[in-house]
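Only one structure is covered here, and it is reproduced in the block below.
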Amino acid sequence: MRENGGVPEKPSLDGLEQRWARRWEDDGTYRFDRTRTRDEIYSIDTPPPTASGLLHVGHVFSFTHTDLIARYQRMRGREVFYPMGWDDNGLPTERRVQNYYGIRCDPLLPYDPTFEPPAEPPKQQVPVSRRNFIELCLRLAAEDEQAFGEVFRYLGLSVDWNHSYQTVDAGSRAAAQRAFLRNFARGEAYQAEAPTLWDVTFRTAVAQAELEDRERPGAYHLLAFHRGDGGDVQIDTTRPELVAACVAVVAHPDDARYRSLFGSTVRTPVFGVEVPGVAHALAEPEKGTGAAMVCTFGDLTDVTWWRELQLETRAIVGWDGRIAADPPPGLDSAAAVEAYAAIAGATMHTARERMVDLLRTSGELIGEPRPITHPVKFYERGEKPLEIVTTRQWYLRNGGRDPDLRARLVARGRELSWHPAFMRARYENWVEGLNGDWLVSRQRFFGVPFPLWYPLGSDGQPNYDEPILASEAALPVDPSSEAPPGFAEHQRGKPGGFIGDPDVMDTWATSSLTPQIAGGWERDADLFGRVYPMDLRPQAHDIIRTWLFGTVVRADAEFDALPWGNAAISGWILDPDRKKMSKSKGNVVTPMGLLEEHGSDAVRYWSASGRPGTDTAFDVGQMKIGRRLAIKMLNASKFVLGLGAADEPTAVFDPLDRAMLARLADVVQRATLAFDGYDYARALEATETFFWSFCDDHLELVKDRAYGSRGPQAAASARAGLSLALSVQQRLFAPVLPFVTEEVWSWWQEGSIHRARWPSADELRDVAADGNPALLDAVATVLVELRRAKSERKLSMRAELAGAAVRGPRAGLASVAADDLRAAGRIVGPLTFSDNGDALTDLTVDVDVADAGR
RNA sequence: GGGCCUGUAGCUCAGCUGGUCAGAGCACUGGUCUUACAAACCAGGGGUCGGCGGUUCGAGCCCGCCCGGGCCCACCA
């Protein structure tokens, strides 16, 4: 320990972020030491933020939580593996690139190596080749990631930036393709041609996990279907445009009204197609008229009916979301064909209007449409309702069709330590509610392609049943520009040649491998052995069903084990009005602006006060409190160090000093336990409460003594106690306030505080010896009474008191600190203590201010 | 409709397995230039702990019902 020559005249928070961020970078403070063994390491599967635009305050909030844990574990002596990833793979980047540059991908165009996007995005998007498109995706992602990295450094994340990855980089692509090939080899990946939820804007299939419901206006249309006996069956539908796709009319088997319908047929309105009347338990008698038309396909229930009742297929919705040009099978009559022509090629919206006109004209629309609001399925990033289109897609088994696998994955969830524990229920609810396997193929461009090709027969038709697989050694591959083993590029698309699988993987199919990607799976076996399975997966609760579950699925398949031991689930940021903070609002307050205005420590303080898993209000007030705390740390450190830092634990003999250290030992113990349980908020609360009373009471009490008013020995005890307490408190705050604690630590200590040892309650207790924490309370109570006496008389705290009498059960306790109390209260006359021994009487203080001077 | 979370001073929140638990900070009011800090310090007034029952010697803390807020899922003719 050196002299306090490092204490500045006027301590300030200004510029701490830049100064220490640079220093940490230069010193490699957070560099991962890969010579350490697995049991010495704490590894983190950092969430890769979507690199599509701007960070918002939610990122600052949740990434701080992870950093709190990382810093705590590092101070506990664990070597922390804390990488950073960027999720730049997928639709968000594509969409941002389209808008940013004013381009769109046309995979049929040839690559133009000289292409540069227009300076200003044109109104009409410029079509570019797939390769040009991907190059621009990479370029913009790199720019965004640079900006994100600056914010995260300024925020003080203790990431080792040498361990960074992108979900589109070669390592990620190879890992995703390798994992897929192994899934395929084990039978966990398969392809199937089936009705698929389809986004007509993006023209891609989407998975169950990416759906959301939105309330949309609609209308019931009561339609007449005609029976052979001349009677009608009335059916309410919200989708009259699908009458042409109707393949049956269904009702509940117990519905007496429709008993005669079952086994007979009806003719559809307008088109006059004869369809069977069928019974199925999913038909609900209370809905509409109790009878429904089954279309291929209007919704997922239609798919169930179609499959289970083995109905015909009469698809009319194309990939583009428009009505197909040609009528489906079954619409044979001239009238039907003519009617169909009216809707062919139309969008859903237009088709519905025209269909209603046709129905009205034919008299088969009974009454007028009755407007309603009803939930409609959307792709979570989409703008138009999903349609259902039959396509060939790749699936990964996730238990959605296999009760045994599902049970095993639920069991995996129980092996995992969830913080907070109740988040496990969300996982189980999701897994138990799965209704199909994981659809992983997407008809998009900017993503990881499937590492396979299909041979073309002599007729030029692909054989999907015998794909040509890439070899693991060749990964990553791009089947759209590379030829498969045993073929040459000129055979692409030719009879007897091959075609590449045109699809890319769902972005979750890559990000479900982040522990493997970051850990160096099959790329750096040494590293992988040291960090995998990881210790922690931090993430938000809204992506338990996607990211967390997907990662468990992949690790279970490949390693038959969990990918990590702990999952820390953070909450969301709420607007002051208690609503989830929208992206638009979150972006009004940019993270960098927030950090610059309040200081990173202050914003971190606000984040740290949000308990794990709890949604937290965006609260500038908390940040101001955090800033005040950081300033207090500067001033208190300056003061204590100004008294002379004394690393002499044996000098601490005064009962009050020992009491303070004993109480601090309790605080250390509580903070440690809280951090071990991932409850950083509780740890902070305990530390902060102690710190303020340390500053307001203890410092005031011992100030005089520390100056030497009662001799060198008494002063040495005070100084040694203060030094030790300061050192401990600086370290307790270090995870939350990394900048200011590093600053004050540098005034008197060697090395970074963030590599310093986390304080030990036991060692503190050794120094505190017989210190009694209750003494602190007793003395504080007396001090408050002395102050109150002055405050009520509007006296300065410097005013002298003629005397005071302390009575109560703990008066004797407080008498031990009589001299300190006398000094802090400026009592010039007698100060007496009498233990009245009455447990029901609290400690009272009679203050004699009669002769008080000013 | 099912699951989970949540409702404590004007605001943001603590209250760990039921017994000084009615708290903290902010805000508010009134003081104080006190030689670490006036972007500070000192003191004070604020709540029948969403509602109604129940268990208990004793309940913000446990149970039931109801009301309000949030998230997830299901439904979506």
Side-chain angles (χ1 to χ4, degrees), chain A residues 7 10-11 13 211-213 215-216 218 220-223 235-239 242 249-251 282-284 286-295 298-302 305 372 374-377 420 422-430 432-433 435 541-542 544-545 571-572 574 576 578-580 606 609-611 613-622 624-625 627-629 631-643 670 673-674 677 679 681-682 685-686 688-689 692 695-696 699-700 703 707 783-784 786-799 824 826 842:
Chain A
V7 182
K10 185 88 179 146
L13 298 178
L211 307 183
E212 67 181 31
D213 288 349
E215 285 290 332
R216 284 297 133 106
Y220 275 123
H221 304 68
L222 188 58
L223 308 185
I235 288 178
D236 253 330
T237 179
T238 57
R239 301 208 55 186
L242 293 182
V249 170
V250 66
L282 274 181
E284 294 185 26
E286 294 76 30
K287 278 190 183 165
T289 62
M293 64 172 188
V294 182
C295 305
D299 61 31
L300 291 173
T301 315
D302 280 345
W305 284 326
I372 57 161
H374 63 156
V376 179
K377 283 207 186 312
F422 67 78
M423 287 295 178
R424 195 185 75 197
R426 301 196 179 208
Y427 173 89
E428 293 190 359
N429 286 166
W430 174 254
E432 284 163 357
N435 56 29
H541 54 65
D542 57 329
I544 289 174
R545 63 177 182 168
W572 275 335
L574 303 177
R578 304 265 80 193
K579 292 284 195 296
K580 183 189 172 190
W606 161 70
S609 64
R611 302 186 104 70
T614 305
D615 292 346
T616 300
F618 179 77
D619 187 355
V620 172
Q622 279 302 107
K624 291 185 170 158
I625 296 164
R627 185 172 181 86
R628 213 166 303 179
L629 175 64
I631 292 172
K632 194 76 173 178
M633 175 55 78
L634 287 175
N635 288 320
S637 297
K638 178 188 170 194
F639 177 56
V640 170
L641 296 178
L643 293 169
R670 273 190 289 148
L673 273 172
D679 195 346
R682 184 185 291 273
E685 189 182 45
E688 188 187 9
T689 302
W692 284 105
C695 289
D696 295 343
L699 236 35
E700 294 299 328
K703 187 183 274 187
Y707 280 134
L783 184 60
V784 165
L786 297 177
R787 286 167 175 163
R788 193 207 315 273
K790 298 182 189 182
S791 193
E792 281 174 353
R793 291 164 181 79
K794 304 193 192 309
L795 295 174
S796 157
M797 286 301 131
R798 294 189 68 190
R826 293 185 176 265
D842 206 347

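All heavy atoms count here, side chains included; hydrogens, waters and symmetry mates do not. Throughout, protein chains are lettered first and strands after them, A, B, ... in sequence-line order, and every chain is numbered starting at 1.
Nearest to the side chain of Lys377(A), among C75(B), C41(B), C42(B), sits C75(B). Comparing atom distances between the Arg787(A) side chain and each of C42(B), C72(B), A36(B) picks out C42(B) as nearest. Distances were taken from every side-chain heavy atom of Lys632(A) (C-beta onward) to each of C75(B), A36(B), C71(B); the shortest belongs to A36(B).
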Quiz prompt | Strand RNA chain B as a dot-bracket string - pairs counted if Watson-Crick or G-U with both distances under 3.5 Å, | where the partner lies in another strand | solution = (((((((..((((.....[...)))).(((((.......))))).....(((((..]....))))))))))))....
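Among the atoms of the strands shown, only primed sugar atoms or phosphate atoms (P, OP1, OP2) are found under 4.0 Å from some heavy atom of Asp696(A). Among the protein residues, Met797(A) comes within range of the nucleic acid bases, having at least one heavy atom under 4.0 Å from a base atom. Here Val784(A) lies in heavy-atom contact (under 4.0 Å) with sugar-phosphate atoms only. If you check every strand for non-hydrogen atoms under 4.0 Å, Leu242(A) touches nothing.
Under the 4.0 Å criterion applied to side-chain N and carboxylate O atoms, Arg682(A) and Glu685(A) are not assigned as salt-bridge partners.
Using cut-offs of 30° and 60° for the angle between ring planes, the His541(A) and Trp572(A) rings count as tilted.
Scored by the salt bridge (Lys or Arg N to Asp or Glu O under 4.0 Å) test, Arg239(A) finds Glu241(A), Glu387(A) as partners (sequence neighbours excluded).
Remark: the separation of the P atoms in G46(B) and G64(B) is 36 Å, to the nearest Å. G51(B) sits 10 Å from C61(B) when the P atoms are compared, rounded to a whole Å.
For Ser791(A) against G30(B), a side-chain N or O and a base N or O form a donor-acceptor pair under 3.5 Å.
Nearer the 5' end of RNA chain B, as judged by each residue's closest nucleotide, is the contact made by Phe639(A), out of Ala292(A) and Phe639(A).
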